[in-house]
Amino acid sequence: MSSTEKTPNINLYTTQTPNGIKISITLEELGIPYKPHKIDISQNTQKEPFFLAINPNGRIPALTDTFSDGQTIRLFESGSIMQYLVEQYDSVHHKISYPAGSRESYEVNNWLFFLNAGVGPMQGQANHFFRYAPEKIEYGISRYQNETRRLYRVLDQHLSTSSSGYLVGEKCTIADIAHWGWVAAAGWAGIEIDEFPHLKAWEDRMLARPGVERGRHVPSPHRMKEMSKEEMEKHAQESAQWIQREQAKDAKKE
């Protein structure tokens, strides 16, 4: 490792979600060691004191590392973690990033924020109303599914003009990695990925990468691509119970 890139001491606190696998895929693509810790959100592990000391918001993923001053740094919010990892561990070889201040580095940020402010929240709400809500509210389902489709069309159109097949420049970056877990879970939100041929080709291209294949199975097997509709419905019913229970608890605390 270059003298300008420090030795990692990374602990990753995560679970099997689109936001969680962003970070394990990033780490695998960078080829740096890390220790994963599975957070069981169905048992509220993310609300235990040890975890809240890392992420006061009580959400995964979260990460700790030894910073350059020798002290532990605590990081949360997936986009922030991804930026930290490439700044600290990809500043020389730029495996999944571009040099700071370059045109491409700003373009990567465009798409990273597009995901964090658009695709993730909109698809997350589509998931909720389509899979978890105690009653089917068609307006909510339609609103968030259609907005997710609109954002997918933006991605699809952009990829149709890409000579490399990736979002920025000639290689895979954290912008691609950030999107992949969400796009791979399109079916969970009730969206047919085949509507977007360039995005579907990109999804397959990403899946063929060894780092994506390894990282998507942390901390447990990634089965979103293999689940049947019946399996999805069963899993959604099981998940809905604790999601609704926790929402009720949170409402009482307000």
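Under a cutoff of 6.0 Å and an axis angle of 45°, K136 and F130 form a cation-pi pair.
Ring orientation note: the planes of F129 and Y144 are close to parallel, at an angle under 30° on the 30°/60° scale. The aromatic rings of Y132 and W188 sit tilted, their planes meeting at an angle between 30° and 60°.
Residue pairs meeting the salt bridge (Lys or Arg N to Asp or Glu O under 4.0 Å) criterion with at least one member in residues 81-99: none, sequence neighbours excluded. Residue pairs meeting the salt bridge (Lys or Arg N to Asp or Glu O under 4.0 Å) criterion with at least one partner in residues 20-33, sequence neighbours excluded, are E28-R214, E29-R209. Listed by first and then second residue, the salt bridge (Lys or Arg N to Asp or Glu O under 4.0 Å) pairs that reach into residues 161-182 come to none, sequence neighbours excluded.
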Step-by-step side chain to side chain donor-acceptor pair (under 3.5 Å) determination, K6 to Y89 = CA-CA 7 Å; K6 63 190 181 67; Y89 299 109; 2.7 Å; yes
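The side-chain heavy atoms of I96 and T26, taken from C-beta on, include a pair separated by under 4.5 Å. Side-chain contact check for N55 versus Y13: every heavy-atom pair is 4.5 Å or farther apart.
For F50, the CZ atom sits in a packed shell: over 12 heavy atoms of surrounding residues, nucleotides or ligands are nearer than 6.0 Å. More than 12 heavy atoms of other residues, nucleotides or ligands lie within 6.0 Å of CD in E195, so this atom counts as buried by the packing criterion. The local environment of CD in E226 is crowded, with over 12 non-hydrogen atoms from other residues, nucleotides or ligands closer than 6.0 Å.
Connection of I174 to Y84 is established within a shared hydrophobic cluster, with ILVMFWY side chains joined at heavy-atom distances below 4.5 Å, either directly or through further cluster members.
Each of L155, T161, L159 was checked for a side chain to side chain contact (heavy atoms under 4.5 Å, CB included) with H198, and the lone residue meeting it is L159.
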